[in-house]
Each structure stands twice: as structure tokens, then as C-alpha cells.
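Working notes for the structure below.
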Amino acid sequence: MIDFSSIESKWRKRWQDEKYFEADPNEKKKFFVTVAYPYPNSPQHIGHGRTYTLADVHARFMRMCGYNVLFPMGFHYTGTPILGMARRVQENDKELIDAFRTIYKVPEQNIKEFVEPVKIASYFHQEIKTGMIEMGYSIDWRREFTTIDPVYNKFIEWQFRKLKSKNLVIQGSHPVGWCPKDQNPVSQHDTIGDVEPSFTEYVLIKFRYNKYIIPTATLRPETIFGVTNLWVNPVTLYKIVDVNGENWIVSAECARKLEFMDKKINIIDEISGSALVGKTVRVPERNDQITILPASFVKSGNGTGVVMSVPAHAPFDYQALEDIKKNTMNLEQDVLNVVMAIKPISIIQTEGYGEIPAKEITEKFKIDSQNSPRLEEATKELYSKEFYEGRLKNNTGQFAGKKITDVKEDVKNWILQQNNADVLFELNDNPIRCRCGAECVVKILNDQWFLDYSNKNWKEDAHSCINEMKILPEDIRNEFNHVVDWLRERACARQHGLGTKLPWDKDWIVESLSDSVIYMAYYILAKYVNKKQITPDNLGDEFFDYIFLGDGDSKKVASSCKIAETLLGNIKNEFTYFYPVNARHSGRDLVPNHLTFFVFNHIAIFPKKYWPEAIVVNGSVLMDGKKMSKSMGNIIPLRDAIQIYGADPIRLAILISAELLQDADFNLEAVKGIKNKLENMLEDCSIYKLNEKSNLHQEDKWLLSRLQQLVLETTSAMEKMRLREALHYVLYQFDSDMQWYLKRTNAKNRTDVSSTIHNVLSTRVAMLSPFAPHIAEEMWEKLGNIDLVSKSLWPSVDNDAIDSIALQRENLLKSTMDDIRNILKVTKIIPKKIIIYTSDAWKNKAYQKILINVIKGEMNIGVLIKSLISDKETEHVKKNPDFVKKTVNDILSEPIESREIKAKTGFIDEKEILLELDSLTQKDFDVNVQVFSESDPQKYDPKNKARTARPYKPAILIE
RNA sequence: GCGGGAGUUGCCAAGCCUGGCCAAAGGCGCAGGGCUUAGGACCCUGUCUUUUAGGAGUUCGUGGGUUCAAAUCCCACCUUCCGCACCA
């Protein structure tokens, strides 16, 4: 049993003492790796560990490749969730406080302080940082900062002034989910049940009734041409409301919603639904009169509480009309006459439907009442069919012949322009409650600040940056481009939360996804801030302009900022040395926001030479195949896991379970398996020593050749950040080769294998070290090294060590052993004699010819046979045409490189090689092996097997 | 709806970009053996069907196509997961 924790702390201390991860400019090439900094509202769990571990492996790998790697970390205090948490602590929220106690194990003393948001942030900040150190992340901690540090605030102010001066920050109105009690926008984690407050935009069509306006809410403004009547619910008590000087008749719920739509509302009177029944209203744009009818499906809470009826295309309306004709509502005779006269007005032509689609679909769904639950479904089906495929008919004026999807927005704007319509936003999952208990609404904010991501030029630059950038994995590049396309103006300031005040409007705080887009540049400053060489006083925009953009005169800047000119120069040089970011790591959930904003803002602020070079995106982590969540109770805090299993096994378990973009399934089974593997490797490292040079046998040469292949494959996987694959090579791939090697040396009773194995182990440990840095140091030490493996160079392929002849000889032995084993398996005989026949000389010649042809792409059997027969040396093929076919198959079933090696090395003396089998068969089956040539007249061949021999595929007889 | 994925041998999961080392890695599970006082851990062997000669047959969501050759390329379809904004 290995004590991971003591090994890990031992090496962590050594790293710290040697300050190896502290990166300052030097003569080496630099590599700047960053990860999205954490939001400290809870401790890290295994899931967070993935992105940081990936970045750390990347950093460590690049360091071993000879780069001066900077890998820094900051903490994102900005935002509202921590604020909300503090408020809940103030209110003594039991659920939250219990979570602090039981899940996060926060000491009682600290929980008491959590009424202050900053205390929460700084508590978890330290917790997360400690976890990162314990995980062995090679972070330069001198550059740590938080987003509420005063210098950071100055930096963000600079960023925003810069954006504003480029007209990329604009002001406008914007609908948001809103809590009327808190007077604040609500987001998902502000609501009870974590419901995302999404909303739909309805068009209100204004129908005129005397001096009143009766607005109806619709998603289909184009159906105004097909309206035949209005629906009210007779039992609803409607309000007469003064809305910006007009008298509207709407439900009480609607009146309340309108208040938040930036309108002046004054309730004047009320009127019952039944009193409206039978009255006529004027249809806007059409100028004809229609009647108001009663319907029970009309809900006062939806829209305005009044619905316009389009019976030809709306199943609800069609069915309500059918219902009313049965006169169960006791309508007066003259109203009933009107009802009977109503004919649906067909305005949309859709393939597969006739004149009255609503009728057809209600019949198809077998609907018999307006209260049928299937009506929703029917509506949905018809609506989407008509929306995507339907065309407006001739009775729709200027819109005739157009597709609904193309014309919908135009119809809306047309009616709006005539002041015959308005807009109403409505929450989708009504009711949504704020954590404070109040019911949320949609509010239109008027003086909201936006980052104008819809700016065309900006988008174009973003596309070109993304297209020039390295994006790993490549699969996700399209997604980035698509995000750039659909991104619109984004609100970049809010009224509450921690963060930086908007420099020109101190009522607003820069929103958290907008103050975290170019902070990688700030890591350069953070080192000097932490050393107290930069203070927030006197720090103006000219400072940032000078450092980051190279604008201004250093003397002037130095004096206005009261900073020594040499210091200013040093900072600037450090920035130009480390920037741009070479790799930005993050989870894939940040693709549609942070990562894309990161690109946008870099483009806007920095010159092209500082645009980011690469983005690396990873998937999330599942726990035993399930999503981690507080409610499932399957969140393992990272630090707990480290304590139990050790940092290295966790790092490996996370990395080996999935390739970059896939979700990684973490489970304890895997951790145990890995732990075991590491223990075995460590043991091997203490056994095999570097002895004096002994003569290399064939199998040593073979193993060392294979090792080169391993290095090549691993390195290429690392370069593509295919860490699962790379780790797999290092940890497992080599085992079967190692086994063969041991089997061979064992059979030969060799005792001089230590050096070769030591050589192999050293290479593997070096390649393991970015992944499992602590235990790799321990192994490295056991292998007899004094220096750190972290400081060693990544193994490179030694082409001289690749012995293609040894490779082929061993392959022949292996495959022949496999064949023998196969025969024994099938026949179940216990061998007393094993006889092997190597193929005739002409076959070898024919093989080479076929091989060359196949490499050239000629594998037509007929053509091959013809050319072989035409040559005297290989004319024997005539008697044995099957040989050609089998040989071609043999060759095709081999990798292309090995075909080429075979072509290059040419004929090998199989008989001589196969004699080496003897030691193996003796060991495995206690039988000696005899080798004959097919053409040997003296051979023992009672079953006439020898003639089936092919090159690299000797015939075998077992008795 | 828009956009992006995924479907592989009992399960999880690689392979697909770059067609031929593919009956298809690895892990788990299962079976047998070793080790052990026993259990666990560990190690070995096996794990589509068939076969007393290293072979053959049928497989990679479904159906077509391209090719000497398809899990891999193309087309269509079915099923399924994720993101869609003021939120870190």
C-alpha cells in the first residue's frame, strides 16, 4: 500500500521550494495557458477538477517540451448568486445553511459570517485554492487576484471605456424576468425550483368597440385576415383600463402585466365577460364588424383574457364555434343567428390540408369539446405545419402568396405601424416565484446597457479570428461560428451584485460575464499588484493603454501614474512577452457565452497580434453515469476525494474516462484500478536498476523499437490534447509488449534485462508525469534520478533505436506462437511434437512482387497471377493460384507502414528466426520445435502440411 | 423551431477525421484457473456463432449507394441527448 498523501505533499513542497511554476520572461519561448477562473460560491467538486486538470496537464506537457509556461489563476467574485446566498443566510434559510454544514462542511464560525457576501466568496476562494494546490496544479500563485480588487476595477473601467469609445456599448430597452418585490431581474437561481424565466412575445391586436379597445394576444398576427369573431370568458370580470390614454378592456391579470410593459396604467372600471357577449367590434385593417362570443377555453391569465377567433386555422376556435352552435350557453336568438352565419375564413394554403385545416385536424384528433386536452397537441401540429410550409392566400392583401415563416414579422410590423397593435411579453412557465416568494413578471427595462454583439463588423472579425484559431477539438469550431452569428446585443450591466461600477453610470455594475473576457491580460499586472508595486491610486487609462496597447509616452505615463519608468517598462515587456493567450481551457457550457465573448472582446480591445491562439473545450463529468447535482447527493468535494484516494489517481480517473468533448464518467472503480496500476509501476521502478551496458539481444532491440512507437503515438496524442488516448498509451498500451519481452527473456533464462526495462520505465514515467505529477516524481527518484521529472524533457523519438529487422523477427515469432496456440485451442490436443515449415524460395520472391504491387495499389488477383507466371522465378504460381489470393489478404490485413518496412527489408531468413521458438515452446508446452524448409527433401511431413507454408506464415504440424 | 452531438459486440466505452493491422482497444460484469486459513485484493485464461488445424460465418441504429474492400465515405430515415441569453 502506498501512502499517496505523504508522497504528494513531499513533492508539492519540493516544487514550491524550487519555485518551478513561477514564470517570468526569459530567453525561452513562452506558452501562456489559462482556464476560466472559478466562481467561489461553493467548494470545488470532481467536475470542476476536470477543466483545471486538463489545463495543468497541458501546462506541464508544454513545460517538458521546453517552453516557459505561465499558468495563473484568479477568482471571480463578480455576480449575484453570492449576494443571494448572503441574503438567504441573513434570512436564516435552513436549506442553504444545512448545505453549508453537511455538504460543504463549513465551520459554524464561518457560516455566521456569511451574512456578508464577500466572506462567502473569500471562504470558498481559500477552499478552492487549497484544493488546487493539493491537486498538484502547476500554478504561478504570485498572480492570484479577485475581481473586486481595486486595480482590477480600474482595469474593467478601462475595458468598458474602450468599448464605449468604439461604439460597442449601446443603450436600449430589453425585457427581463423581474421580481416586483425585490425590484430586480431574476435569473434561474433566483427562482424557487430554479426555473429559468423564459418568455414569449405576443402581438396584441387592437379591436375597437365604441370608445374602447379590446386587445387580443396572439402568436399569429398574420391570421388577422381570418378572424371571424372574438372570444371572451363570460364568467371573467374584465377591467377597463386607461393605457397610455386609450381605454382597454382586458383581464385583471393582463392589466398587471401591462404595468411592467413600460405603460401608464390606470384602472377605471370593470365589466363582466357576459356583458360583452353579442357586442360587435371593428377588425383593424379590414374595417368590418365581428361579434364577441363566449368560450370557456379562454383563460383570464393568458394574454389579455380575450382571444381572436380564426376558426379556419385554430383548432380551439373551430371547436369552440362547433360547441356554441349546440347552444348549451343559452345565447339569445339574434346572437345565435350570428353564430350560425359564421363561416371560417381560410387564409393559408398548406400542402396536405384543404380549405379548413382546423376542422380536419380536430376530426383527425377526434376532438369533441373545447375542453379536450388533445386540442393543445392539435394546435401545435397544425401551427408548425402552417408556419413552415403554409402560404398566405389571395385574401391577405399585400402578403398574398408569401410563406408564413418569411412574412410573420412583416405583418406584425405593419399592424404595429398603424397603431392597431402592441406587444406583450409573457412568462412561459407561469407562475414563476422568486425566492422571496413574490410572483415574477416580465419587465421591459428602458435604460439597459448592452454590448453590441450584433455589430456586423465585429461579427466578421470574430469569425475570422475563430477561423484562424486552433480549436480543440476541431468538431466544435462550427458551434463557435454559429454562436457568433446568432449572438445579439447582450445586457452588460445590472443593478445589483459584486463587481465594478460602470464608469459613466455609477448606478450600474458591470455584469459578470462581461468583466471576465480579457482578464488574462491582468495576470501580468496581478504579480506587480501583489508585490504592492502598483496601487489603484493614480492609475488612469493611459497606464493600461501603454501596457496593453503600447500607446503613449512612457515618461508621461510614468509620471501621471506615479510609477517608476523602469517598472512601467518591465510590466510592458512582460505583457508583450506573455501575450497572446496560447491556450484557453474551459468547459463546453461556456462555448455559447464566455468563450465566444472572450474572442469578441479580445478583437475589440487588442491588436491582432494579441488575439488568442487556441481554445480547448472539454465536456462535463458524470458520477457513475449520472449528472452531479446537489439534490441527487452525488457531489464529491474535490478535497474529500483527494484525501481518500490521492490527487494523482483522481487526476487520472477523470482524464482517462473520456476524450476531450465527451462527458467523463467518474467512478470509484476506475480510481481503484488506477491506484493499483500506479502502485505496480512504482514497485517496478524500485526493482529495475540501470546496470552496466549489456549486449542488446534481438528482443531488447525489438522492445526499444516498440518504445519509440509508443513515444511517437503518445506525443502525437498529446499535441492534439487527446489526453485520454495519450494516457492510455502510457498506462496500458505497452503492457502486452512488456509481457512478450518478459516471456522471451524468461524462456531464454536471461538475467541481464534490468537496463532495458529501466530504459523503458524511465520513458514511461516521464510521459506519465504531466498526468500524475506526484507519483511520477517518486518513481523518477526510485529510478535513480536526482532532478525533478517535471523538469526533465519530454521523450523524443530516437530513430536510431528503431530496428525494423528486429521488429519483423519478433513479429514472426509472436504470430507463429499465436498460431500454435490457436491450433491447440481448436484441436484440444496436448502437443508431443511441433514441426514448422518455412516457405519455398519462389514464394518469397512472389511475395515481394505481390507486396510491391499491392503497395502500388494493384490488387487484382488475375493481373497479379499473370505477371507472376510470366516470370520464370515465380511461374510456380500456376500450380498454386490460391497462394496469390491468400498472400494478398495477408498483406492487406497489415498496416501500411509494416507493408513498407517489409518491402524495404526484403527477404528474411525465417528458418533461422523460428529456431528461437524452441525456448518458448519448451517453456509453454514442454515440447521442442523442429523447423524444416518446405523444399527440404529430408523433412518430416506425414500430413503434407509443408506445401501450405507462406512467407511470414509458416506451416505448422502438431502431433 | 434554431444549432450542435450521439446510436458499436451483456453493460460502459474506443475506433469513424486519414476506408484495409477490425470479430473490433480498454474497463466492468460473467466463467474457469492460480494465489489465500477464508473472503477481498491481485495474477492468468476465456467471453458473437461455428469449427478436433491456425479457418469459416454473421455483426457496429435502419435502408440504400460508392469501392477490389465500409463501423469508417455519400444519401435518406428512425431513435436519443445537450445549448438557446442577462446566468455563473
Side-chain angles (χ1 to χ4, degrees), chain A residues 1 36-41 76 78-82 174-177 185-190 196-198 383-384 387-388 405 445 448 450-451 453 473-476 478-483 485-494 497 511-514 516 588-594 619-620 624-625 656-659 661-663 665 667 669-670 672-674 676 679-680 724-725 728 731-733 735-736 739 811 815-816 818-829 854 857-861 888-889 891-899 943 945 948 953-958:
Chain A
M1 248 341 215
Y37 48 23
Y39 184 66
N41 69 337
H76 196 200
T78 316
T80 51
I82 287 178
H174 181 62
V176 294
V186 284
S187 60
Q188 190 174 346
H189 42 243
D190 299 320
E196 174 75 35
S198 63
Y383 177 63
S384 76
F387 180 74
Y388 292 104
T405 91
L445 290 181
Q448 179 66 262
F450 295 92
L451 280 173
Y453 289 133
E474 185 57 42
D475 321 20
I476 206 147
N478 275 343
E479 210 166 315
F480 274 105
N481 274 317
H482 181 250
V483 172
D485 282 333
W486 69 243
L487 223 47
R488 308 193 303 255
E489 301 81 7
R490 180 187 169 87
C492 62
R494 51 188 305 163
E511 179 271 334
S512 54
L513 282 188
S514 307
S516 58
R588 76 174 305 172
D589 50 331
L590 298 192
V591 170
N593 42 66
H594 166 75
S620 61
D624 289 320
I656 204 151
S657 69
E659 212 48 86
L661 209 51
Q662 249 72 51
D663 287 344
D665 190 2
N667 58 69
E669 214 60 62
K672 276 190 218 156
I674 280 158
N676 208 264
E679 282 169 5
N680 290 342
R724 184 203 61 84
E725 188 181 318
H728 199 265
L731 235 39
Y732 300 112
Q733 178 95 336
D735 284 0
S736 57
Q739 265 173 31
N811 283 348
S815 66
T816 309
D818 284 346
D819 281 348
I820 292 172
R821 213 179 297 278
N822 262 324
I823 295 168
L824 292 175
K825 189 186 141 199
V826 173
T827 58
K828 299 188 180 76
I829 52 180
V854 170
E858 176 58 71
M859 40 210 121
N860 183 301
I861 307 286
V888 169
N889 280 338
I891 293 169
L892 282 179
S893 70
E894 259 186 290
I896 288 162
E897 308 88 76
S898 118
R899 292 176 205 171
K943 290 198 174 162
K945 287 273 178 198
T948 60
K953 191 79 179 168
I956 299 167
L957 172 69
I958 300 176

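Numbers restart at 1 for each chain; the letters A, B, ... are given by sequence-line order, proteins then strands.
- Between B/rC22 and B/rC30, the two C1' atoms lie 24 Å apart (nearest whole Å).
- Here B/rA53 is the nucleotide among B/rA53, B/rC84, B/rG54 with the atom lying nearest to any side-chain atom of A/L957.
- Taking atom C1' in both B/rG27 and B/rC78, the straight-line distance is 30 Å, to the nearest Å.
- Out of B/rA53, B/rG20, B/rG54, the shortest distance to the side chain of A/I958 is found at B/rA53.
- Here A/A493 lies out of heavy-atom contact (under 4.0 Å) with every strand.
- The distance between atom CG of A/N889 and atom C1' of B/rA56, rounded to the nearest whole Å, is 13 Å.
- Pair assignment for B/rU18: none, as no Watson-Crick or G-U wobble contacts are both less than 3.5 Å.
- Rounding to whole angstrom units, CD1 of residue A/I656 and P of B/rA13 are separated by 15 Å.
- Looking at heavy-atom distances under 4.0 Å, A/P40 makes no contact with the nucleic acid at all.
- Look at CZ on A/R588: it is 11 Å from C1' on B/rA6, rounded to the nearest Å.
- Nucleic acid contact class of A/T948 (heavy atoms, under 4.0 Å, all strands): base.
- Here the side chain of A/L513 is nearest to one of B/rG26, B/rC43, B/rC87, namely B/rC87.
- Taking atom CZ of residue A/R821 and atom C1' of nucleotide B/rG54, one finds them 13 Å apart after rounding to whole Å.
- Nearest to the side-chain atoms of A/L590 among the listed nucleotides B/rG4, B/rA88, B/rG54 stands B/rA88.
- Closest approach to the A/R490 side chain among B/rC87, B/rG4, B/rG55 is made by B/rC87 (side chain taken as heavy atoms from C-beta onward).
- Considering only side-chain atoms of A/N822, the nucleotide from B/rC86, B/rA25, B/rG54 that sits closest is B/rG54.
- Closest to the A/H482 side chain, of the nucleotides B/rG3, B/rG54, B/rA25, is B/rG3.
- The listed nucleotides are B/rC87, B/rG20, B/rA25; the one nearest the side chain of A/R899 is B/rG20.
- Regarding A/H594, its NE2 atom lies at a distance of 19 Å from the P atom of B/rG83, rounded to whole Å.
- Across all strands shown, A/S516 has no heavy atoms under 4.0 Å from either base or sugar-phosphate atoms.
- Comparing atom distances between the A/K945 side chain and each of B/rG20, B/rA53, B/rC87 picks out B/rA53 as nearest.
- Applying the 3.5 Å distance criterion, the base of B/rG54 shares a donor-acceptor pair with the side chain of A/D819.
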